[in-house]
Amino acid sequence: MSESSAQALVQSAIADALKRVIAAGEINAQLPKAIKLDRPKNREHGDYATSIALALAKSSDLAPRAVAELIVKSLIDNDLLSKAGISKVEIAGPGFINITLNNASQTAVVIEILSKAKKFGHGNWLSDKKVNLEFVSANPTGPLHLGHTRWAAVGDALGRVLSAAGAEVSREFYINDRGNQMDLFGASIRAVALGQERPTDGYHGEYIIDLANEIVKSNPEFLKLSEADGVNAFRDTGYKLQLKQQQGVLDNFGTHFDTWFSEKSLYENDFFTHSLEKLKSQGHVYETDGAVWLRTSDFGDDKDRVMIKSDGSFAYFASDSAYYVSKRERGFNLCIYMLGADHHGYVGRIKAIAACAGDDPKLNIEILIGQMVKIMEGGEELKLSKRAGTIITLEELVEKVGVDAARYTLIRYPTDTPMVMDVDLLRKNTNENPVYYVQYAHARICAVLRNAKDLGISYGVNQFKPELLVHERERELIGLLAEFPRVVQGAAQIREPHRVARYAEELAGVYHRFYNDCRVLPLGDEKSSELNSARATLSLATAQVISNALDLLGVSAPEKM
RNA sequence: GCGCUUGUAGCUCAGUCGGAUAGAGCGAAUGCCUUCUAAGCAUUAGGUCGCAGGUUCGAUUCCUGCCAGGCGCACCA
């Protein structure tokens, strides 16, 4: 566990020192819950820095630097430095305490990485969460488009990050297999099959023609059915084919779901009635004008929402509310919804469902909004798709740039900002294409290690001599490797998997610089030394962390490029 | 009109919990391969962090107002 890490030792040493200062009555302050440690941007400021003295200065009525001096004195007098692996403590600027680790303490992370291997960076920070992660949830009436693709990548990465952080995660795809749109879908396929005009508000993509052909081929009798029966038959068969197509595409994209949840199933076995009873028991259901409403305005929604329309049919919102009840009854204590920006108006009402069900909307439900994705090629925005008529599909994107580039690019931006994908850039094999930049660092290390093996240089935990790694680049690299668990923790806690991608880029950059300045393997006919071995071991640890980071994004870490 | 969201270098964008001199890639200029993958590295140039207030020892970060872009406001799904 990273709780035993150098960072944690430093934190507890400072807390200990501060506690003694307070106990001695030298300072009038309360011990903060946690000692905040920053990683200074400037390497001259040491490995870690804390602004605790600045924060305590006011209440203690002392100058910040005076507070810092008391803490540092306490650290020294109570012999807390060596125990925490600290080699140097300095007070700087307005009162920062800068801390430099000793070599053994700093390099310990290399050994930790190699022994934990794939598990390095994982933790149990979120072990109390049982998460239902719902994403993509496309209508099964057509191919997946760019918006779905963003979620397919980010949702999957978030699932991996949450799991790494110790949460129990179930990925769910909600299938809107009920209602008007499905009927229009059936009617559209049937119209094409019969050589008729499609309904104007129906589906007009070319894929409808493919579906019609395929269905007629195996079910020619559908053509003879009455309109109502025909629409049903084409709808149900077409839906199955389309869903299978979506599943195949997602599978190929490396995004897998634990549950494909059918909206229709919410109305089987009286589940809807049961969920309605549950909401009623909380007192937020009422009937007006012949319709059944949920009083979502009790919880910040603009207006109340209809569940059962006055004609007795179910509004879409009925499904939403029953679906939430279902998630909670299946034992999830955190329901995460990933919605497209065009649905952000739903945030209020969905959160209100949770409140109406007697839950705490701050605790049990979270909604992430994904902004639009544009795609550029040849300097122009792509808008047309052959298959879907007007939209670019997930499949087409993958055909253009490949799974790794597509996934990585979609994940590396925060989801709440609109993004532009430049196809030309993603096909480039240079610095400006971050996927390759990171993957290249990994492949480069693998090449170095292959060569090391050929030269008979042995490396690894057993022959690791960390005291040889004193170069500035080495220290920088090791320091960044040690940050990985923190990055995973942060990404999981604020649900931002893109942080892992940015970290991977930074790590790749630091490795490239190390590689440039620190020769790993012996030159020419030099004899190999223990330094070669130590650097190879450091390289091995770096490859492990890059690979772990890429794994959290669902992107491959190639050994050769 | 109301709500959500964005505004950081010429371009595309990073920058949880407020901290020291605001970062990266591209683009521009100049260097580094007879030996580990140059799909790489280095140096230089480039900024009123949209504007104006407020809170604070300290604000790109938090609060308010304004300006500008994007999106949404159904007994549709």
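Naming: A, B, ... by sequence-line order, numbering from 1 per chain.
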Nearest to the [X] side chain among [options], which nucleotide is it?
X        : options             : value
A:Ala291 : B:C75, B:U6, B:C36  : B:C75
A:Lys309 : B:C36, B:C75, B:G15 : B:C75
A:Asn180 : B:G19, B:G40, B:C76 : B:C76
A:Arg519 : B:A77, B:U37, B:U35 : B:U35
A:Val448 : B:U5, B:C41, B:C36  : B:C36
A:Ser310 : B:G15, B:C4, B:C75  : B:C75
A:His343 : B:C75, B:A77, B:C36 : B:A77
A:Tyr437 : B:C57, B:U37, B:G40 : B:G40
A:Ala315 : B:A14, B:A77, B:U16 : B:A77
A:Glu496 : B:G15, B:C57, B:G40 : B:G15

Tell which nucleotide pairs with [N], taking only Watson-Crick or G-U wobble pairs whose two distances are both under 3.5 angstrom.
N     : result
B:G19 : B:C57
B:C33 : none
B:G65 : B:C51
B:A9  : none
B:C4  : B:G70

Nearest-angstrom distance, [atom1] atom, [N] to [M]:
N     : M     : atom1 : answer
B:A68 : B:G25 : P     : 35 Å
B:U56 : B:U12 : P     : 38 Å
B:G65 : B:C26 : P     : 41 Å
B:C17 : B:C62 : P     : 7 Å
B:G3  : B:G46 : C1'   : 39 Å
B:C67 : B:U30 : P     : 47 Å
B:C41 : B:U64 : C1'   : 48 Å
B:A59 : B:A42 : P     : 32 Å

With a 3.5 Å distance limit and no angle check, can you tell me whether [X] reaches the backbone of [Y] through a side-chain donor-acceptor pair?
X        : Y        : answer
A:Glu134 : A:Glu172 : no
A:Tyr436 : A:Arg427 : no
A:Arg305 : A:Ala315 : no

Using a heavy-atom cut-off of 4.0 Å across all strands, would you classify [X] as base, sugar-phosphate, or nothing?
X        : value
A:Gly524 : base
A:Asp416 : sugar-phosphate
A:Asp289 : base
A:Ala447 : base
A:Arg178 : sugar-phosphate
A:Pro414 : sugar-phosphate

Heavy-atom donor-acceptor pair, A:Tyr346 side-chain to B:A77 base, under 3.5 Å: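 Yes.
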A:His344 (side chain) and B:C71 (base): donor-acceptor pair under 3.5 Å: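 Yes, the side chain and the base share a sub-3.5 Å donor-acceptor pair.
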Of A:Asp525 and A:Asp517, the one whose closest RNA chain B nucleotide lies more 5':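 Mapping each residue to its closest nucleotide by heavy atoms, the 5'-most match is A:Asp525.
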Pairwise 5' ranking along RNA chain B for A:Ala341 and A:Val420, keeping only the more 5' one: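 Upstream on the strand: A:Val420.
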Syn/anti label of B:C26 as read from its glycosidic torsion, with the cut at 90° from 0: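 Chi for B:C26 falls in the anti range.
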Take the protein atom [atom1] of [X] and the nucleotide atom [atom2] of [N], then report the distance between them rounded to whole Å.
X        : N     : atom1 : atom2 : result
A:Leu521 : B:C36 : CG    : C1'   : 4 Å
A:Lys351 : B:C4  : NZ    : P     : 12 Å
A:Arg427 : B:C26 : CZ    : P     : 20 Å
A:Lys303 : B:C73 : NZ    : P     : 9 Å
A:Leu507 : B:G40 : CG    : P     : 16 Å
A:Glu526 : B:C36 : CD    : P     : 13 Å
A:Asp201 : B:A74 : CG    : C1'   : 16 Å
A:Leu523 : B:C33 : CG    : P     : 14 Å

Is_stacked (A:Tyr515, B:C41) at 5.5 Å, 30 deg: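 Stacking is absent between B:C41 and A:Tyr515, given that the ring centres and planes do not meet under 5.5 Å and under 30°.
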Among side-chain atoms of [X] and [Y], is any donor-acceptor pair under 3.5 angstrom?
X        : Y        : result
A:Asp320 : A:Tyr346 : no
A:Ser319 : A:Tyr267 : yes
A:Ser458 : A:Gln463 : yes
A:Arg513 : A:Asn516 : no
A:Asp404 : A:Ser556 : yes

Close side-chain approach of A:Ile353 and A:Tyr323, heavy atoms under 4.5 Å: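 In short, these two side chains do not touch, never coming nearer than 4.5 Å.
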Within the structure, does a side-chain N or O atom of [X] lie under 4.0 Å from either OP1 or OP2 of [N]?
X        : N     : result
A:His512 : B:A42 : no
A:Asn433 : B:C26 : no
A:Thr417 : B:A14 : yes

Nucleotide N/O of nucleotides 20-23 of chain B paired with protein N/O under 3.5 Å:
{"from": "B:A20", "atom 1": "OP2", "to": "A:Lys41", "atom 2": "NZ", "distance (Å)": "3.0"}
{"from": "B:A20", "atom 1": "N6", "to": "A:Asn98", "atom 2": "OD1", "distance (Å)": "2.6"}
{"from": "B:A20", "atom 1": "N1", "to": "A:Asn98", "atom 2": "OD1", "distance (Å)": "3.2"}
{"from": "B:A20", "atom 1": "N1", "to": "A:Asn98", "atom 2": "ND2", "distance (Å)": "3.1"}
{"from": "B:U21", "atom 1": "O4", "to": "A:Asn42", "atom 2": "ND2", "distance (Å)": "3.4"}

Aromatic plane relationship, A:Tyr286 with A:Trp293 - under 30° parallel, 30 to 60° tilted, over 60° perpendicular: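 Parallel, since the angle between the ring planes stays under 30°.
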Greater than 12 external heavy atoms within 6.0 Å of A:Glu530's CD: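 Atom CD in A:Glu530 is not crowded, with 12 or fewer foreign heavy atoms closer than 6.0 Å.
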Pair A:His512 and A:Tyr437, ring centroids less than 6.0 Å apart: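 Centroid distance A:His512-A:Tyr437: below 6.0 Å, so yes.
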